[in-house]
Student: 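Let me begin by handing over the structure; questions about it come next.
Chain letters run A, B, ... following the sequence lines, proteins first, then strands; residues in each count from 1.
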2 protein chains.
Amino acid sequence: MPTSTVEQYIKTIYQQEERCAQDIVQMKQLSEAMGVTPGTATAMVKHLAERKLIRYEPRKGVRLTAGGRELALLMVRRHRLIETFLENVLGYDLSEVHEDAEKLEHAVSDKFIERIDAYLGFPPADPHGDPIPSAEGHIARRDSVPLDHCETGDTIRVARLRNDDPAFLLLMKEQHLTPGEAFVVIDKNETAGTMTVRHDARSRGPITPFTISMGNSSRIMVEPTGTK
Amino acid sequence: MPTSTVEQYIKTIYQQEERCAQDIVQMKQLSEAMGVTPGTATAMVKHLAERKLIRYEPRKGVRLTAGGRELALLMVRRHRLIETFLENVLGYDLSEVHEDAEKLEHAVSDKFIERIDAYLGFPPADPHGDPIPSAEGHIARRDSVPLDHCETGDTIRVARLRNDDPAFLLLMKEQHLTPGEAFVVIDKNETAGTMTVRHDARSRGPITPFTISMGNSSRIMVEPTGTK
DNA sequence: CTGTACTTTTTGATTAATCAAAATAAAACC
DNA sequence: GGTTTTATTTTGATTAATCAAAAAGTACAG
Ligand SMILES: [Mn+2]
Ligand SMILES: [Mn+2]
Ligand SMILES: [Mn+2]
Ligand SMILES: [Mn+2]
């Protein structure tokens with residue numbers, strides 16, 4: 001059985017591969033994501049390679065094996081189902097779910113997770129809009145793009161908020177910038193490094209425009225709903 | 001913050017004090033209950049004494065301090081609320097709840113537990129019939145006695161099943177020997193080491209008598225409802 | 001190309017939790 | 001009371017996970 005530390009490293013490697021669209025993850029990236037020193041990451045990575053969860057190329061980086069990917073998707077499934085449960089059933093705020101899920105994901109049994117899944121009615125995505133992998137490790141690929149790739153005039157719908165920082169999530173909630181909401185990009189200012197959006201006319205949110213930094217825009221994944 | 005190992009030792013010491021009605025717990029008892037060697041328990045006990053969670057009298061045993069008792073009751077609260085949730089909400093069988101609760105109790109946050117408590121409607125007892133301590137660490141004392149202290153003719157109601165062994169719990173469930181059920185003791189055979197009970201006439205269970213060993217009888221806590 | 005900056009690995013040490021087996025103390029027995 | 005049994009403590013070693021700091025390798029700028 002993997003320890004919770006092993007689980008966390010494998011999940012982190014998966015997330016770095018995904019979020020940065022890289023096939024190989026360097027030690028610096030991994031050690032920073034894990035919040036440990038580089039030497040610690042090197043030692044652990046050797047252990048993970050022995051356990052055949054990753055392939056380790058010294059001085060290059062690591063990539064998940066099929067077995068590692070399976071474990072990673074199991075952890076992602078647990079994390080997202082727990083977050084969904086905390087928000088939908090226990091009434092947590094979106095900005096609070098991540099912290100508790102990060103710990104619980106290492107303590108729950110398979111039985112617990114399958115019962116939670118059924119109790120929630122087999123939700124396809126968590127409250128951030130991220131798809132929940134199936135028990136068999138299949139995950140739906142959605143073709144969303146970061147908001148900063150959009151242009152003035154694009155009409156869009158928020159798909160996912162790719163950032164677990166509670167302050168960021170609270171800000172998004174205040175502006176009703178949550179998964180499912182429809183927007184129009186009314187300005188993109190490359191020099192100022194900002195984008196301005198307002199709610200679609202048919203949407204419930206306020207019509208007052210809202211300006212976001214490019215940095216934050218890159219963590220807001222959207223689906224285009226047409227171009228005016 | 002206490003590690004989950006520290007939490008588990010403290011909870012175990014509390015349970016040994018309670019279940020065996022002793023004010024001091026010897027190292028053998030503790031090491032067996034924890035499933036570790038005596039030397040390991042001695043080392044840990046010194047650490048717990050430094051942390052002021054227990055008072056340790058070498059060659060005698062240990063007893064909880066006020067702080068240790070507080071932590072123990074917090075763990076018991078978590079354990080029992082989790083068990084109640086697993087049975088009432090997720091549909092676990094009574095014989096399955098203990099294993100998962102034993103792990104989850106060390107991973108949940110205070111927020112999680114308080115929300116679960118509210119979601120369950122602030123239950124006074126878990127599915128074994130054990131009282132749930134309040135968030136402030138108060139626990140209701142119920143004056144129940146072990147079934148083997150009863151005599152032929154006593155009418156009783158099951159209060160708690162003081163044993164987490166799944167096989168035992170399944171057997172009890174089959175015979176409807178669950179908290180709240182009313183019975184009459186129709187025989188107590190000291191030499192054979194058995195007791196025979198049958199459901200009270202007004203009860204839903206079968207009227208066919210059921211014979212239990214004295215060993216098992218001592219784990220069934222009952223409240224007298226009168227003596228015929 | 002070559003020197004500086006950055007990344008990665010190695011080394012030596014630490015902490016928490018554990019075991020096996022030897023040493024010691026207390027209790028029980030006759 | 002002396003001997004045997006049982007409980008407890010001590011000692012030395014192990015495993016997982018970590019850090020700090022030194023050493024080694026790679027990148028890349030001029
Ligand atoms: Mn999360
Ligand atoms: Mn985690
Ligand atoms: Mn239990
Ligand atoms: Mn436990």
Side-chain angles (χ1 to χ4, degrees), chain A residues 1-13 16-17 20 22-64 67-68 71-72 75 102-103 105-107, chain B residues 1-14 16-17 19-20 22-64 67-68 71-72 75 102-103 105-107:
Chain A
M1 289 299 96
T3 64
S4 32
T5 308
V6 166
E7 288 176 347
Q8 190 66 27
Y9 272 92
I10 292 298
K11 195 187 70 167
T12 302
I13 293 168
Q16 295 301 317
E17 282 184 355
C20 309
Q22 293 164 180
D23 61 331
I24 198 160
V25 180
Q26 297 112 292
M27 301 314 291
K28 192 177 185 219
Q29 204 183 339
L30 178 57
S31 63
E32 272 173 12
M34 283 296 299
V36 297
T37 61
T40 300
T42 300
M44 178 51 71
V45 137
K46 287 178 181 171
H47 180 232
L48 298 176
E50 267 171 33
R51 304 270 242 99
K52 305 240 190 272
L53 292 167
I54 61 174
R55 202 158 40 251
Y56 168 45
E57 296 182 41
R59 303 267 165 198
K60 290 254 179 68
V62 296
R63 66 192 77 205
L64 292 177
L71 177 57
M75 296 315 297
E102 204 54 63
K103 241 195 129 181
E105 65 191 1
H106 309 289
Chain B
M1 289 301 95
T3 64
S4 33
T5 308
V6 165
E7 288 176 347
Q8 190 67 27
Y9 272 91
I10 293 298
K11 195 187 70 169
T12 302
I13 292 167
Y14 172 80
Q16 295 301 316
E17 282 185 354
R19 289 183 191 172
C20 309
Q22 294 164 177
D23 61 333
I24 198 160
V25 180
Q26 297 110 298
M27 301 314 292
K28 185 165 192 233
Q29 203 182 341
L30 178 57
S31 63
E32 272 174 10
M34 283 296 299
V36 297
T37 60
T40 300
T42 299
M44 177 54 70
V45 137
K46 287 177 179 170
H47 180 233
L48 297 176
E50 267 169 34
R51 306 270 242 96
K52 307 237 190 274
L53 292 166
I54 62 174
R55 202 159 38 254
Y56 168 45
E57 296 182 41
R59 302 268 164 198
K60 290 252 178 70
V62 295
R63 65 190 79 205
L64 292 177
L71 177 57
M75 296 314 298
E102 204 52 66
K103 246 196 124 178
E105 66 191 0
H106 309 289

Student: Starting at CD of Glu57(B) and ending at P of dT9(D), how long is that distance when rounded to a whole Å?
Tutor: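 About 11 Å, once rounded to whole Å.
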
Student: List the atom of Ile24(A), the atom of Lys60(A), and the distance in Å for their closest heavy-atom pair.
Tutor: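 Closest approach of Ile24(A) to Lys60(A), heavy atoms only: CD1-CB, 4.2 Å.
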
Student: Touch check for Thr3(B), heavy atoms < 4.0 angstrom, all strands: base, sugar-phosphate only, or nothing?
Tutor: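 Sugar-phosphate only.
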
Student: Once you round it to whole Å, what is the distance between P of dA16(C) and NE2 of His106(B)?
Tutor: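 Roughly 18 Å, once rounded to whole Å.
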
Student: Distance check needed: dT18(C) P versus Glu32(B) CD, whole Å only.
Tutor: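 Rounded to whole Å, this separation is 16 Å.
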
Student: Under 4.0 Å: is that the gap between some side-chain N or O of Thr42(B) and OP1 or OP2 of dT9(D)?
Tutor: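 Indeed, a polar side-chain atom of Thr42(B) lies that close.
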
Student: Specify the residue among Arg59(A) and Ser4(A) whose closest nucleotide of DNA chain D lies further upstream toward the 5′ end.
Tutor: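 Result: Ser4(A).
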
Student: Please report, rounded to the nearest Å, how far the P atom of dT8(D) is from the CD atom of Gln26(B).
Tutor: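 To the nearest whole Å, that distance equals 6 Å.
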
Student: Tell me whether the OP1 or OP2 atom of dA17(D) has a side-chain N or O from Thr5(A) closer than 4.0 Å.
Tutor: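 For Thr5(A), the contact criterion (side-chain N or O under 4.0 Å from OP1 or OP2 of dA17(D)) is met.
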
Student: Can you tell me if the side-chain N/O atoms of Tyr9(A) get under 4.0 Å from OP1 or OP2 in dT18(D)?
Tutor: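 Checking dT18(D) against Tyr9(A), a side-chain N or O does come within under 4.0 Å of OP1 or OP2.
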
Student: From CE of Met44(B) over to C1' of dT18(C), roughly how many Å is that when rounded to an integer?
Tutor: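 In whole Å, dT18(C) C1' lies 9 Å from Met44(B) CE.
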
Student: Given Gln8(A), which of Thr5(A), Val6(A), Thr12(A) fulfils the side-chain contact (heavy atoms from CB on, under 4.5 Å) condition?
Tutor: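 Only one option passes, and that is Thr12(A).
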
Student: Do the side chains of Lys46(A) and Glu50(A) get close enough for a salt bridge, i.e. N-O under 4.0 angstrom?
Tutor: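 Salt bridge flag = no for Glu50(A) with Lys46(A).
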
Student: Does a side-chain N or O of Thr37(B) approach OP1 or OP2 of dA20(C) to a distance below 4.0 Å, or not?
Tutor: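 Answer is no, no contact under 4.0 Å.
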
Student: I need the NZ-P distance between Lys60(B) and dT8(D), as an integer number of Å.
Tutor: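 Checked: the NZ to P distance equals 12 Å.
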
Student: Could you tell me how far apart Met27(A) (CE) and dT18(D) (C1') are, to the nearest whole angstrom?
Tutor: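 Answer to the nearest Å: 14 Å.
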
Student: For dT9(C), take OP1 and OP2 only and decide whether either is under 4.0 Å from a side-chain N or O of Lys46(A).
Tutor: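 No, because none of the side-chain N or O atoms of Lys46(A) sits under 4.0 Å from OP1 or OP2 of dT9(C).
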
Student: Would you please test Gln16(A) and Gln26(A) for side chain to side chain donor-acceptor pair (under 3.5 Å) and show each step?
Tutor: CA-CA 10 Å; Gln16(A) 295 301 317; Gln26(A) 297 112 292; over 6 Å; no

Student: Using a cut-off of less than 4.0 Å, is there contact between a side-chain N or O of Tyr56(B) and OP1 or OP2 of dT9(D)?
Tutor: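 True: Tyr56(B) side-chain N/O within range (under 4.0 Å) of dT9(D) OP1/OP2.
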
Student: Where the side chain of His47(B) is defined as all heavy atoms beyond and including C-beta, which of dT18(C), dA17(C), dA7(D) is the nearest nucleotide?
Tutor: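 The listed nucleotide nearest to His47(B)'s side chain is dA17(C).
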
Student: To the nearest Å, give me how far apart CD (Glu50(A)) and P (dT15(D)) are.
Tutor: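 In whole Å, dT15(D) P and Glu50(A) CD are 12 Å from each other.
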
Student: With heavy-atom distances below 4.5 Å as the criterion, would you say the side chains of Met27(B) and Arg59(B) are in contact?
Tutor: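 No, their side chains stay 4.5 Å or more apart.
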
